[in-house]
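Right, one structure below, let's go through it.
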Amino acid sequence: MNNHWIPSSRTNGKKLGYIPIGYKLMLTFTIFILLLVFVNFYILHSMYDETMRKQTRVNIQGTLKQIRDNVAYKVDDIVQTSATLYDDPTLIQSVRRNLWGTDNHIRMSNVILPKLESAARAIGLNLRLSVYFHNQTVYERYKNWDNEKNQDFNEQTYDIYHMTRISSEFWYFTLPEEKYNSTMIWRQIEEDKRDGRISMIRRLVDMNNPLEIKEMGIMRFSVRLSQLFDSVDYTKLGEGSMLSVLDPYGNVVFTSGPFVEHNTTRIKAEQFAALAANDKKNYLIIEEDLPQKNWKIVAQVPLNIIEQEAKRVRTVLIAICIICVVLFTYTGYVISQSFSKRILKIVGVLNAFREGDLHKRITYRGKGEFPQIANALNAMGEDIEALIKEVYLTQLQKKEAELEMLQSQINPHFLYNTLSSINQLAKFGETEKLQNMVVQLAQFYRLTLNSGRILIPIALEIEQANAYLDIQKVKYGQRMEVTFDIDTNIWPYETIKLILQPFIENVLKHAWSGDRIHIRVSVKKDGNDVLYRIIDDGLGMKQGRIDEIFDPRDNSHMGCGIRNIDQRVKLHYGSEYGVSIFSKVGIGTSVQIRIPARSRNSNPDKKLSG
């Protein structure tokens, strides 16, 4: 029976690049261990690093809030001082009036100068108070700050100017619209940049008519950056840190760092943005808003402070990971070898089955999965061997049934009638018709027998049906009209033979209703199928008779022949193919046979049909 087993084309030896199952298991186990260890290492290290960063960030954030509060305290002092002048009705009323001579001198000595001096000395900072009045009758009184010798002047001073000195300055034009007791800006103007100072600028207004606020002058409180931001000290954050104060435009106003003195040079916004972007790799950057609108303080803390502690923890984690990898790898090796031996036994049995040796068996002790696999393989070997025998016998029976069917198609009655017709033709001396009938009869049986083949080209099937019709035309003459409608696309395909002739014979036997009958034979390609149609204009049938034909209990010759063809088609091609009949009494019948469009080389029944 093994002679009928078709062995695989694969070689029995190990292929080039073959990796035994033990090594595959070991490799898989090792990769899994490495991934697991590395993932755990990464997660633990990241969690520790993140925790350290969070704690550092919390501590620095607290320090920045203290710095912010300190700066806010000084800013509030300056704002409150400016408010004493902003809300002083005596000062506003005095400045509103145009006075000359003695009256003006009294105004300056008793009102304006005392109030400005009091405001300048109200804060314990090196403050320069500059006031610009629209009233031209107010005397100007100022120190020449353009002289660089005065830039380090350490006393509180106040200066009085006329508005004409700043009326064309950009910083004056860009002052925001006045809102009562809230409009003020911080900016470096005039000599501030040179002297390392910054000014708080605020209007003096006349609120006598609330619907029309009138600007009386401009107050400018200039203070040293080093004094205003003396609490912005990088040493509070640790060595290597840096603190920067940024204005609303992103410019660096003040910087404190290990290599930076209290500078007076501003850094452009785009330059600081580039520096900050680069520092993110090496520094922890934290921001805190300052009391001034849109001002903020930026802390840059070097990550190497965190890295020093993280490096020690990383070393411990790496040592633990190495120990785990070694232990797990050794365990994986032992386990993989145990599994490999068992699997190789199973592979050996499967290879034996593939080569046709179905008698090989394996056994394992215990109640695990491998004993169950062994039992299943042993049972499968027995089942396959029995199935092979059964399939082989079925194929033999199939061929025998088809041969028997083929023999039954050679109808003795048809042969007798044909020979009788030949005798009549010979008796009447119609030698031409006699010769033609004998040739067609020989052609018919040659195509019918066809060396015992089951699958033939569609062209031969049509030729066989045509030979049968030519014989019948000699008998029926002009009373029978036949039309062939053949699609040229069907020539490359094959069909099981003797599926057209039996239906044509049924038409002549059962559908003839008068002196004439017309038969149309159509063969066309329908998608991936080939569709045969035999159409006649004979008697037709009722639907009940059609149902009886496909009923296995029907014993009529026509029903048996049609079922035979339907079963043959389904046997070869599947249940979705076969015969279907459409008929109307008095109109005619259309028989449809559907088979798949298969060429000779692609037909799965090629081996059986050869």
Side-chain angles (χ1 to χ4, degrees), residues 77-123 125-147 150-151 153-192 195 197-223:
D77 277 352
I78 297 174
V79 171
Q80 290 298 326
T81 300
S82 68
T84 60
L85 299 178
Y86 186 90
D87 292 329
D88 191 333
T90 303
L91 175 64
I92 298 302
Q93 184 178 3
S94 177
V95 173
R96 186 189 306 132
R97 299 167 59 191
N98 293 325
L99 301 176
W100 289 269
T102 303
D103 293 336
N104 189 23
H105 177 76
I106 294 173
R107 174 180 62 180
M108 293 292 296
S109 301
N110 295 341
V111 179
I112 295 178
L113 293 181
K115 289 185 178 296
L116 295 183
E117 183 176 6
S118 176
R121 298 181 181 277
I123 306 172
L125 300 175
N126 181 262
L127 184 69
R128 296 177 185 173
L129 172 58
S130 301
V131 182
Y132 301 85
F133 291 112
H134 283 282
N135 191 341
Q136 296 290 319
T137 64
V138 177
Y139 296 149
E140 285 190 328
R141 179 182 178 279
Y142 58 87
K143 188 182 293 290
N144 184 12
W145 297 108
D146 290 336
N147 186 352
N150 294 325
Q151 65 178 329
F153 190 79
N154 291 322
E155 295 181 4
Q156 294 88 351
T157 63
Y158 61 94
D159 299 311
I160 301 173
Y161 301 96
H162 291 156
M163 285 294 295
T164 54
R165 293 183 178 270
I166 63 170
S167 58
S168 60
E169 295 293 333
F170 176 76
W171 62 266
Y172 172 69
F173 280 111
T174 55
L175 288 176
E177 182 180 354
E178 182 65 26
K179 293 182 180 180
Y180 178 72
N181 205 29
S182 62
T183 302
M184 63 190 74
I185 62 170
W186 289 82
R187 184 177 295 175
Q188 284 187 313
I189 61 173
E190 304 297 335
E191 75 284 351
D192 284 345
D195 296 346
R197 307 176 73 89
I198 190 168
S199 297
M200 193 276 285
I201 305 167
R202 188 173 186 180
R203 290 186 179 92
L204 276 172
V205 295
D206 183 0
M207 297 293 295
N208 187 42
N209 183 4
L211 297 179
E212 185 180 353
I213 301 176
K214 184 178 180 181
E215 180 183 278
M216 303 299 297
I218 298 294
M219 296 182 290
R220 172 191 166 203
F221 293 82
S222 177
V223 63

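By convention here, the first residue in the shown sequence is residue 1.
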Of the non-hydrogen atoms in [X] and [Y], which two are nearest, and what is the gap between them?
{"X": "Ala83", "Y": "Asn181", "answer": "CB-OD1, 4.5 Å"}
{"X": "Thr157", "Y": "Ala120", "answer": "O-CB, 3.7 Å"}
{"X": "Thr81", "Y": "Ala119", "answer": "CG2-O, 3.2 Å"}
{"X": "Glu140", "Y": "Tyr142", "answer": "OE1-CE2, 3.8 Å"}

Going from [atom1] on [X] to [atom2] on [Y], what distance comes out if it is rounded to the nearest 0.5 angstrom?
{"X": "Phe221", "Y": "Ser199", "atom1": "CZ", "atom2": "OG", "result": "10.5 Å"}
{"X": "Trp171", "Y": "Ile189", "atom1": "CH2", "atom2": "CD1", "result": "4.0 Å"}
{"X": "Ser82", "Y": "Met184", "atom1": "OG", "atom2": "CE", "result": "5.0 Å"}
{"X": "Arg202", "Y": "Leu85", "atom1": "CZ", "atom2": "CG", "result": "9.5 Å"}
{"X": "Asp77", "Y": "Leu125", "atom1": "CG", "atom2": "CG", "result": "7.5 Å"}
{"X": "Ser168", "Y": "Met163", "atom1": "OG", "atom2": "CE", "result": "10.5 Å"}

(request) For this output row, return yes or no: ring centroids of Tyr86 and Tyr180 closer than 6.0 angstrom. (result) yes
So, do [X] and [Y] sit near enough that their side-chain heavy atoms are less than 4.5 Å apart?
{"X": "Leu113", "Y": "Ile160", "result": "yes"}
{"X": "Val95", "Y": "Leu204", "result": "no"}
{"X": "Asn126", "Y": "Arg197", "result": "yes"}
{"X": "Ile112", "Y": "Arg141", "result": "no"}
{"X": "Gln156", "Y": "Leu129", "result": "no"}

(message) Let's go through Ile201 and Leu175 carefully: what are the C-alpha distance in whole Å and the side-chain angles of both, what is the deciding distance for side chain to side chain contact (heavy atoms under 4.5 Å, CB included) to 0.1 Å, and is it a yes or a no?
(response) CA-CA 9 Å; Ile201 305 167; Leu175 288 176; 3.9 Å; yes
(message) What verdict does the side chain to side chain contact (heavy atoms under 4.5 Å, CB included) test give for Val111 and Gln93, after you've listed the backbone C-alpha separation in whole Å, the side-chain angles of each residue and the deciding distance to 0.1 Å?
(response) CA-CA 10 Å; Val111 179; Gln93 184 178 3; over 6 Å; no
Does [X] use its side chain to pair, donor to acceptor, with the backbone of [Y] at less than 3.5 Å?
{"X": "Asp159", "Y": "Lys143", "answer": "yes"}
{"X": "Gln136", "Y": "His162", "answer": "no"}
{"X": "Thr183", "Y": "Lys179", "answer": "yes"}
{"X": "Asn104", "Y": "Thr137", "answer": "yes"}

(request) Sequence neighbours left out, what passes side chain to side chain donor-acceptor pair (under 3.5 Å) with Arg121? Give chain and number order. (result) Glu117
(message) According to salt bridge (Lys or Arg N to Asp or Glu O under 4.0 Å), does anything in residues 83-97 pair up with another residue at least two apart or in another chain? List the pairs.
(response) Asp88-Lys115, Arg96-Asp206
Pair up each side-chain donor or acceptor in residues 211-218 with any protein partner under 3.5 Å, not counting sequence neighbours, and list the distances.
| from | atom 1 | to | atom 2 | distance (Å) |
| --- | --- | --- | --- | --- |
| Glu215 | OE1 | Arg203 | NE | 2.8 |
| Glu215 | OE2 | His134 | NE2 | 2.7 |
| Glu215 | OE2 | Tyr172 | OH | 2.7 |

(request) Assess the side chains of Tyr161 and Arg220: does a donor N or O sit below 3.5 Å from an acceptor N or O? (result) no
(message) Between Arg128 and Glu190, does any NZ, NE, NH1 or NH2 come within less than 4.0 Å of an OD or OE carboxylate oxygen?
(response) no
